[in-house]
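All ligand and atom numbering here is 1-based and tracks the order in the structure.
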Amino acid sequence: MNLLPAFQCHRPATLEEAVRLKAASASARFVGGGTDLLVNLRRGLGDPAALIDLTAVADLATIRRDGDELWLGAAVTLAGLARHPEVLAAYPALAEAALAVAGPTHREAATLGGNLCQDTRCIFYNQSEWWRQANGYCRKYEGDKCHVVLKNDRCYATYHGDIAPVLMVLCADCVVFGPDGVRRLNIAGLYREIGSDHLTLAPGEVLAAVVLPPAPKGRRAGYAKVRIRDAIDFPLAGVAAALTRDGDVIGELKVAITGSNSAPLAIATDVLSGRAWNDETAPILAQSLRKQASVLRTTVVGASYRRRVMQAVARRLVDTLWQQD
Ligand SMILES: Cc1cc2nc3c(=O)[nH]c(=O)nc-3n(C[C@H](O)[C@H](O)[C@H](O)COP(=O)(O)OP(=O)(O)OC[C@H]3O[C@@H](n4cnc5c(N)ncnc54)[C@H](O)[C@@H]3O)c2cc1C
C-alpha cells in the first residue's frame with residue numbers, strides 16, 4: 001500500500017454545498033465511510049484534488065417514513081441499517097445483506113451510498129501501482145487494454161456490492177441530487193454494464209437516498225452469498241430473491257445477482273410464475289442464471305466455480321423462501 005495522495009478534505013453541511021464543491025473540482029470525490037475509496041487511493045487508484053465527506057450533511061444519515069415509503073439516507077451506516085427496527089420488521093433481507101458486507105468495523109463506518117456506488121473490481125485493477133505498471137496497466141485505469149476480455153471493446157471489471165441486488169428485488173428507488181435538481185430512478189437505473197464507468201450518475205450528482213415501497217403482504221425475501229473468507233469478504237457470487245406464493249404455485253419470483261457482471265443484474269424469471277417450485281422447475285432458474293450472468297476471470301477464484309456456485313446458492317435460497325411460513 002502507498003501513502004494516501006495529498007488532497008483537501010471538505011465536510012459540507014448541506015447537499016447543495018456538497019454539489020457546489022464537486023462542481024468546483026473535476027477530480028474531487030464524494031466519500032462516505034471511505035472503506036472502499038481510501039483502500040483504492042492507497043493502491044494508487046485515483047488522485048483526487050479533494051474529498052467531499054458526506055457524513056455531516058443534514059438528514060443524510062437518517063431513516064424516515066414518508067407515507068407508506070421508507071426513506072434511507074445515503075449516509076446511513078450499514079450497521080445502523082441492519083439494526084433499524086422498521087428495516088428489520090418490513091425488509092429483513094436488507095438487514096441480512098447489510099450484515100453480509102465486509103466485517104463489523106467496516107459496517108460501523110461504511111454507508112449505504114458508498115456501498116451502492118462502490119467501485120467495480122478486477123484482478124488486473126485491485127493491485128499495487130508497480131504490479132499494474134508491470135502489466136501495462138488496464139482499460140479501467142491508466143491503460144487502454146482489457147486483460148480479461150481480449151477483444152477489448154470495454155472494461156469488464158465486476159460489481160461486487162451486496163446491497164444493490166436486494167434493493168432490486170424489493171423494487172426500491174434511489175434519489176439523486178445534482179446541479180440540475182433532483183431525480184428519482186429505480187436501483188437498476190443507477191448502473192450500466194461498463195466496468196470502468198458503471199454508474200449512471202452525471203458528473204456532480206450525488207446519491208441522496210434510497211426509497212423502499214411498502215412490502216407486499218406475503219412476500220418472502222432473502223440474500224445469500226459465497227465468499228472466500230466468511231468473516232469478511234466481497235461476494236464471489238451473491239443472490240437476492242423475493243418470492244410471493246400463490247397457494248401451491250409461484251405468484252411472483254424476483255431474482256437479482258452480484259459478483260458476475262459490471263453491474264448488479266436482475267434475472268428474468270417470468271416463466272416460473274404460476275408453477276410450483278420443485279426439482280423440475282428449479283433447473284429453469286439455473287438455466288436463466290447461466291444464460292444471463294456473464295462471469296469472467298475477474299477474481300482469483302475461477303469463473304466456472306463462480307458460475308456454478310451462483311446457481312447452487314440461488315436454488316438453496318429459493319428452496320428456503322418457498323418453505324418459509
Ligand atoms: C476488506 C474489505 C472487505 C469488503 N467486503 C465487502 C463486502 O463483502 N461487500 C460489499 O458490498 N463491500 C465490501 N467492501 C467494500 C466497502 O467496505 C463497502 O462496499 C462499503 O459499504 C462502502 O461504503 P463506504 O461508505 O465506506 O464507501 P466509500 O469508500 O466512502 O465510497 C465508495 C465509492 O462511492 C462513492 N460515494 C460514496 N457515497 C456516495 C454518494 N452518496 N453518492 C455518490 N457517490 C458516493 C465514493 O466517491 C466512492 O467512489 C469491502 C471492503 C474491504 C476493505
Side-chain angles (χ1 to χ4, degrees), residues 1 4 7 9-12 15 18-19 21-22 25 27-43 45-46 48 50-57 59-61 72-82 94 96-121 126 140-141 158-167 174-178 182 190-191 196-210 223-238 240 257-259 264 299:
M1 290 275 181
L4 279 173
F7 49 75
C9 196
H10 302 285
R11 206 148 190 265
L15 271 184
V19 166
L21 287 162
K22 185 80 165 66
S25 161
S27 70
R29 302 281 297 273
F30 293 120
V31 63
T35 62
D36 187 51
L37 181 62
L38 297 187
V39 178
N40 281 350
L41 294 182
R42 286 201 59 188
R43 284 198 187 274
L45 297 167
L51 295 193
I52 304 161
D53 177 0
L54 298 170
T55 59
V57 171
D59 296 337
L60 215 61
L72 315 172
V76 167
T77 65
L78 299 187
L81 188 63
L94 179 56
E96 196 181 353
L99 285 177
V101 173
T105 48
H106 291 95
R107 296 193 294 268
E108 288 297 330
T111 63
L112 175 61
N115 189 276
L116 294 175
C117 298
Q118 69 180 268
D119 205 357
T120 51
R121 305 180 62 77
N126 298 101
K140 180 151 167 72
Y141 189 61
T158 310
Y159 183 79
H160 288 273
D162 282 306
I163 310 254
V166 176
L167 293 177
C174 58
V175 176
V176 169
F177 185 84
V182 181
L190 189 58
Y191 302 98
S196 53
D197 189 18
H198 69 297
L199 295 175
T200 58
L201 294 175
E205 279 189 328
V206 61
L207 178 64
V210 166
Y223 178 68
K225 73 189 263 192
V226 171
R227 48 190 154 178
I228 296 178
R229 299 165 296 181
D230 254 347
I232 172 177
D233 229 328
F234 290 91
L236 291 172
I257 57 173
T258 185
T299 70

**OP:** Would you mind checking which non-hydrogen protein atom is closest to atom 41 (N) of ligand 1, with the distance to 0.1 Å?
**Re:** L207 O, 2.9 Å
Original post:
Under the side-chain contact (heavy atoms from CB on, under 4.5 Å) criterion, do T55 and R11 qualify, and how do the steps go?
Top reply: CA-CA 8 Å; T55 59; R11 206 148 190 265; 3.0 Å; yes
Original post:
Is there a donor-acceptor contact under 3.5 Å from the side chain of K22 to the main chain of A28?
Top reply: yes
Subject >> With sequence neighbours excluded, residues passing side chain to side chain contact (heavy atoms under 4.5 Å, CB included) with A240 >> reply: P165, V166, V169, Y223
**OP:** Test side-chain contact (heavy atoms from CB on, under 4.5 Å) on Y191 and L199 and set out the steps.
**Re:** CA-CA 5 Å; Y191 302 98; L199 295 175; 3.7 Å; yes
**OP:** Heavy-atom contacts with G161 under 4.0 Å: which atoms of ligand 1 show up? List them by number with element.
**Re:** 11 (O)
**OP:** Please name the pair of heavy atoms, one in T35 and one in A110, separated by the smallest distance, quoted to 0.1 Å.
**Re:** OG1-CB, 3.8 Å
Original post:
In terms of atom number and element, which parts of ligand 1 are under 4.0 angstrom from non-hydrogen atoms of V31?
Top reply: 30 (O)
**OP:** Take T299 and I228 through the side-chain contact (heavy atoms from CB on, under 4.5 Å) test and state the conclusion after the steps.
**Re:** CA-CA 11 Å; T299 70; I228 296 178; over 6 Å; no
Original post:
For ligand 1, which atoms sit closer than 4.0 Å to a heavy atom of A74?
Top reply: 41 (N)
Original post:
Closest non-hydrogen protein atom to atom 8 (O) of ligand 1, residue and atom name please, with distance?
Top reply: D233 O, 2.5 Å
Original post:
To which protein heavy atom is atom 49 (O) of ligand 1 closest, and what is the distance rounded to 0.1 Å?
Top reply: R29 NH2, 3.0 Å
Subject >> Where ligand 1 meets L78 - atom numbers and elements under 4.0 angstrom, heavy-atom basis >> reply: 21 (O)
Original post:
To which protein heavy atom is atom 19 (O) of ligand 1 closest, and what is the distance rounded to 0.1 Å?
Top reply: Q118 NE2, 2.9 Å
**OP:** Ignoring hydrogens and angles, tell me if any N or O in the side chain of D36 forms a donor-acceptor pair with the backbone of D119 under 3.5 Å.
**Re:** yes
**OP:** Please report the closest heavy-atom contact between P48 and L41, naming both atoms and the distance.
**Re:** CD-CD2, 3.6 Å
Original post:
If you count the atoms of ligand 1 from 1 in the order shown, which ones are under 4.0 Å from a heavy atom of D36?
Top reply: 26 (O), 29 (O), 32 (C)
Original post:
So, is R229 polar-close to ligand 1, with some N/O to N/O distance under 3.5 Å?
Top reply: no
Subject >> Pairwise salt bridge (Lys or Arg N to Asp or Glu O under 4.0 Å) hits with a residue in residues 97-113, at least two apart >> reply: R83-E108
Original post:
What's the shortest distance from atom 39 (C) of ligand 1 to any protein heavy atom, and which residue and atom give it?
Top reply: L54 CD1, 3.8 Å
**OP:** Below 4.0 angstrom from a heavy atom of G34, which ligand 1 atoms are there? Numbered from 1 as shown, please.
**Re:** 24 (P), 26 (O), 28 (P), 29 (O), 30 (O)
Original post:
Quick one: which ligand 1 atoms are inside 4.0 Å of a heavy atom on A100?
Top reply: 8 (O)
Original post:
For atom 26 (O) of ligand 1, which candidate among I163, L190, T35 provides the closest heavy atom?
Top reply: T35
Subject >> Closest approach of any protein heavy atom to atom 51 (C) of ligand 1, naming residue and atom >> reply: F234 CZ, 3.5 Å
Subject >> atom 35 (C) of ligand 1 - nearest protein heavy atom and its distance >> reply: C117 CB, 3.8 Å
**OP:** Could you find the nearest protein heavy atom to atom 38 (N) of ligand 1 and give me its residue, atom name and distance?
**Re:** G114 N, 3.6 Å
**OP:** State whether the shortest distance between N or O atoms of V101 and N or O atoms of ligand 1 falls below 3.5 angstrom.
**Re:** no
Original post:
Parallel, tilted or perpendicular for Y159 and H198, by the 30°/60° rule?
Top reply: tilted
Subject >> Nearest non-hydrogen partners of C117 and L207, listed with the distance >> reply: SG-CD2, 4.0 Å
Original post:
What do you reckon, does L37 have a nitrogen or oxygen under 3.5 Å from a nitrogen or oxygen of ligand 1?
Top reply: yes
**OP:** Could you establish whether R227 and ligand 1 come within less than 4.0 Å of each other, counting only heavy atoms on the residue side?
**Re:** no
Original post:
Does ligand 1 have an atom that lies less than 4.0 angstrom from a heavy atom of V206?
Top reply: yes
**OP:** Compare H106, H160, K225, E205 and give the one whose heavy atom is closest to atom 53 (C) of ligand 1.
**Re:** H106
Original post:
V182 and V175: which non-hydrogen atoms are nearest, and at how many Å?
Top reply: CG1-CG1, 3.5 Å
Subject >> Enumerated ligand 1 atoms positioned under 4.0 Å from heavy atoms of G113 >> reply: 38 (N)
